[in-house]
Amino acid sequence: MNEISPDLSRLERLEGIGCARKRREDPRFIQGRGTYVDDIHLPGMLFGVMVRSPYAHARIKSIDTSRAKAMPGVQAVLTAEDLKPLKLHWMPTLAGDVQAVLADGKVVFQNQEVAFVVADDRYVAADAAELVEVEYEELPAVVDPFKAMQPGAPVIREDLAGKDVGAHGARRHHNHIFNWQIGDRDRTDRAFDAAPVTVKQEMLYPRVHPCPLETCGCVASYDAVRGDLTVWITSQAPHVVRTVVGLLSSIPESKIRIVSPDIGGGFGNKVGVYPGYVTAIVASIVLGRPVKWIESRNENLTTTAFARDYWMTGELAADTDGRIKALRVNVIADHGAFDACADPTKWPAGMFHVCTGSYDIPNAHVSVDGVYTNKFPGGVSYRCSFRVTEAVYLIERMIDVLAQKLGIDKAEIRLRNFIPEEKFPYHSALGLDYDSGNYAPALRKVLKAVDYDGLRAEQAAKRADPNCPTLMGIGITTFTEIVGAGPSKSCDILGIGMFDSCEIRVHPDGSAIARMGTISQGQGHQTTYAQIIATEAGIPASLINVEEGDTSTAPYGLGTYGSRSTPVAGAAVARASHKIREKARKIAAHLLEVSPDDMEFDLDQFRVKGDPSRAKSMKEIAWAAYNNVPEGMEMGLEAVDYYDPPNFTFPFGSYLAVVDIQKDTGEIKVRRFYALDDCGTRINPMIIEGQIHGGLTEGFAVAFGQELPYDEQGNVLGGTLMDYFLPTSMETPHWETDFTVTPSPHHPIGAKGVAESPHVGSIPCFSNAVVDAFAHLGVTHTGMPHNAYRTWQQLRDLNIAG
Amino acid sequence: MIPRPFAYHAPETIPAAIALLSDYGDLAKILAGGHSLLPMMKLRFAAPEHLIDLGRIKELRGIDMAGDEIRIGAMTTERDIVASSLLAEHLPLLVETARQIADPQVRSKGTIGGDVAHGDPGNDHPAVMLALGAHLVLVGPGGERIVPASEFFLGTYATAIEPDEVMTQIRIMRPPAGSGSCYAKLKRKTGDYATAAAAVVLRMENGRCAAVSIGLTNVAPTAIRAEAAEAALLGRALDDAAIAEAGRLASEGCEPAADLRGDEEYKRAMAGQMVQRALRTALSRCTG
Ligand SMILES: Cc1cc2nc3c(=O)[nH]c(=O)nc-3n(C[C@H](O)[C@H](O)[C@H](O)COP(=O)(O)OP(=O)(O)OC[C@H]3O[C@@H](n4cnc5c(N)ncnc54)[C@H](O)[C@@H]3O)c2cc1C
């Protein structure tokens, strides 16, 4: 922060922290001038498509590629046999498992990759793919993780035969991946035994998909003469992709360039490495020509990275006043056929242990079992930090279940259990250190804004009227998120600590270029990072060019997901800015012939303490950096910072939803949604507002419509946008937003990250509202998605439909 | 999502279109707005070798009135229907239906002829054609024939159109003055087909139902009439009990197929609810 009171016009020119600056990226997107992977056309480029399995579980008896290869325009057809000599028919996953790149003798989920057809264009490739003849022998499929763990269940992963220990410890069944526990089981059990009140609730967080508008894809181009590999890819983590590609291909990282161009949304779908990337790279190396691979919508929705699929059982122990004494959670986590979850290495259930939420719960224990099924792999963080959506859903639903059991108001029970402000920094029973929070004022502000008492009175009147055509529900969530992975002591990916980076170079004219290890997919990094530099280094944001995504130019970073860009890279930006500022101070002192200690920073200049007329602007200092620096100082004005955060950050929020359920059809209308978010220091209020709107809309989609169900044979249902719910402006509710500011004490500018909070916090809020509508009839839970069909079944079961 | 190869023809007259159909027989498909046919081709469920685009035949597009008969060219788009002041005045049911089809992109290309000719029970116009007693003009090598909607829908994707015929026009008698109508559609989201929908055309005399027709969407292999419900309503006052009974009778006549929109039980129940909603609204729109 600046040390001197601001001069308004100069402050406005800077467009620094707190300014609702318009997004720099929008003009090119609005005018159709963005560059996405599918916009890249290289001379001689070929197109690849996958041949996929129609079966969820089958042995491959034979693959005949001869007819496809004979088709004019077809350049190659790859199968596992072709990849075997290169040892590329399997690849490591981020979760310590392996995944078949092309099916090796057996398919284990519907639409699994079986062969890769490369042809002159995508039309020929699509026709040729139909000519690849695969003979299958169908095997019994298992799609239910509980059935998968039964003694006689089909063996999904024959390649793991005899491996009793996986990447996360012992496996107790052939379809078992890991058991992960945290917390003090004995103390928790004792607290349950001693408590006068306990509640227990099972809940499924269904399998969903992040469904970004742009599907996954890449263009791989290998230059055999130079020995260089360039891959344009829709990746949220280009540097990690480079390391993975290096490991797989044995090409040194210095010869690999990964470029994430403009990305049409990621939401966790674009963190991992998928078979199509590997086959496109291999095909390019083998054929010596660039190869493009772009998923269809159906391929995206049914093969690359689902989210959730968590079967959770929560239990709370409390006293008769509703004060929680203990939390116990058991989870069966369906990971699909390969464990390709994107989680920090040490935590196979991610940060699920934030499930004690905003509440001061003295005892807790969590046990998670990962299980294989004949479904596509994933378990990614869909607009959330690793498994935080699941954790928040669990605790926010459980506290409502407890409130109902005790007959305590759902706002009141939260106020009774909040971690009090004076207990921060707070050490949770599951070992996390919450940096800052102030929960009660946030909830009270929301209750007042919506006239909570008035809403409850209206609800009571409606409940009393048997002819009322609707049921009214009020949902509350007071959630805490954990973002900004993370301290390298607890978080790494493939052994690389989860730091992030920034490099700033100030040009002689005082403008600057800044490069980061992150990559924007809609977050507006080009806009907000420049604002941080503007405030911290005194260079107007409009003069700063922010670049990301090209591993040849950007410093190494772990990428953008889990709301880590502002907490981690944003901190690196601030610290690199400070380094620039400190060098600038010395140059200014040299120019004015005073001691650096006598200089003070003032918005966009350094001035002499006590003599404000003597000053050097950052523009003048930049020029001097290239021709007149103090003796012994290097020329130039640039800085690099690699930031390893001391801790996560813990944004929080208070949300309230009002829904009306139509008794005749089960349709639900969200009448009101009030979202108060606290993300610490607010860099750009307009971008925050936009991110909150987007996150709430995706939360609405998950709560009310998104799911990827399977039938018993393992056929994935609903893998097109006809069924998969992407809300348009027509169905999206009106959002009301609000905020409080509780800065992070350990972040250089106090910022916490915001874009995932609305997703994490809204979903249980919607569920809580729907359940609340039925609460007076004894209902404690109903499963998502709360579509009209499912809701009508609930009404029918209660004899109130129609 | 890429269709098999096909040849594309764009005749400028109806006879030229029919000649092409006669030449290529089963290998050809007529292309209207393409919003049902092209998705099926991209999914490779359909693979015609010849597409015969009717888009250049100007006389197939437009809305007219001849006496009490409204004539709509088969290539008239949903957008044209939504924007038509003639229809707003004389056949508001059609406008209300078209508004609920898909989204603006689909409506600006999709045609009423294609919607009816496709024979998809999920399309919205077929039930409305039944409720309005529409007649469909089919032209083939042997000349023109006029088929009532009640004889047109033979099964899912099966209609009375012969492979060498073109539907040129839809003819609908204007409902008598004082009639009320409504299309009530339950759908999951914008751009979705109906979970269930009901088209109602109603005329009251002296507080009693003098005429009623009810068409149902997506609750049987084709669009259907709810005949038992219609019979039960005739001559009665439309109080809550009569409307509820009509809904129940309509549900009983359905044979819905389960999908992600719901199981049979839900769809039946929703058909009944949509009949009730449409009846109530139509009643409120009746005059005289
Ligand atoms: C996302 C989406 C949502 C949709 N939602 C709905 C909805 O809610 N309700 C609804 O009713 N429809 C819906 N549709 C379908 C849409 O209305 C189509 O436009 C319509 O069903 C077909 O009309 P078309 O002009 O596009 O015909 P086409 O797709 O070109 O043709 C359909 C079929 O009819 C035949 N055909 C067309 N015209 C003639 C003719 N004049 N003579 C003989 N045969 C002919 C064709 O050969 C083909 O077999 C939706 C479509 C999409 C893509």
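First the proteins, then the strands, lettered A, B, ... as listed; each starts at 1.
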Near [X] [atom1], under 6.0 Å, is it more than 12 heavy atoms from other residues, nucleotides or ligands?
| X | atom1 | answer |
| --- | --- | --- |
| A:Lys663 | NZ | yes |
| B:Glu255 | CD | no |
| B:Lys29 | NZ | no |
| B:Phe45 | CZ | no |
| B:Asp26 | CG | no |
| B:Glu264 | CD | yes |
| B:Lys109 | NZ | no |

Contact list (residues 792-802 of chain A to chain B, heavy-atom gap under 4.5 Å, by number) returns A:Trp792, A:Gln793, A:Arg796, A:Gly802
Here the pair of heavy atoms bringing A:Met722 nearest to B:Arg188 is O-NH2, 3.1 Å
I need the minimum non-hydrogen distance between A:Asp127 and B:Pro3, along with the two atoms involved.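 Closest approach of A:Asp127 to B:Pro3: OD1-O, 4.3 Å.
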* To do: Test B:Lys189 against A:Met730 for side chain to side chain contact (heavy atoms under 4.5 Å, CB included), laying out the working first.
  => CA-CA 8 Å; B:Lys189 56 175 181 172; A:Met730 298 298 289; over 6 Å; no
By a 4.5 Å heavy-atom criterion (distance strictly below it), what part of [X] contacts chain B: side chain, backbone, both, or neither?
| X | result |
| --- | --- |
| A:Gln662 | side chain |
| A:Asp723 | both |
| A:Pro727 | neither |
| A:Thr728 | side chain |
| A:Glu707 | neither |

Rounded to the nearest 0.5 angstrom, the CD-CG distance for B:Gln273 and A:Asp664 is 4.5 Å
Would you give the length of the straight line joining atom CZ of A:Arg122 to atom CE of B:Met1, rounded to the nearest 0.5 angstrom?
->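 Here the rounded value is 12.5 Å.
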For this session: Look at B:Ile2, B:Thr195, B:Asp103, B:Asp192 and state which one has the largest set of heavy-atom pairs under 4.5 Å with chain A.
Result: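 Looking at each of B:Ile2, B:Thr195, B:Asp103, B:Asp192 in turn, B:Ile2 comes out on top.
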Given B:Lys267, B:Arg277, B:Gln276, the one with more heavy-atom pairs under 4.5 angstrom with chain A than any other is B:Arg277
Report task. Apply side chain to side chain contact (heavy atoms under 4.5 Å, CB included) to the pair B:Leu260 and A:Tyr789, showing each step before the final yes or no. Result -> CA-CA 9 Å; B:Leu260 293 181; A:Tyr789 172 33; over 6 Å; no
Practice task
Would you mind checking which part of B:Arg44 comes under 4.5 Å of any heavy atom in chain A, side chain (CB onward), backbone (N, CA, C, O), both or neither?
Solution key: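 Answer is side chain: those atoms of B:Arg44 sit under 4.5 Å from chain A.
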> Which atoms of B:Pro39 come close to chain A, meaning under 4.5 Å heavy atom to heavy atom: side chain ones, backbone ones, both, or neither?
Replying inline: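 Contact with chain A: none, neither part.
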Those residues at least two apart in sequence (or on a different chain) that pass side chain to side chain contact (heavy atoms under 4.5 Å, CB included) with B:Arg79 are B:Thr77, B:Ser108
Does A:Tyr123 use its side chain to pair, donor to acceptor, with the backbone of B:Pro5 at less than 3.5 Å?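 Not at all, since once roles are kept as given, no pair shorter than 3.5 Å links the two residues.
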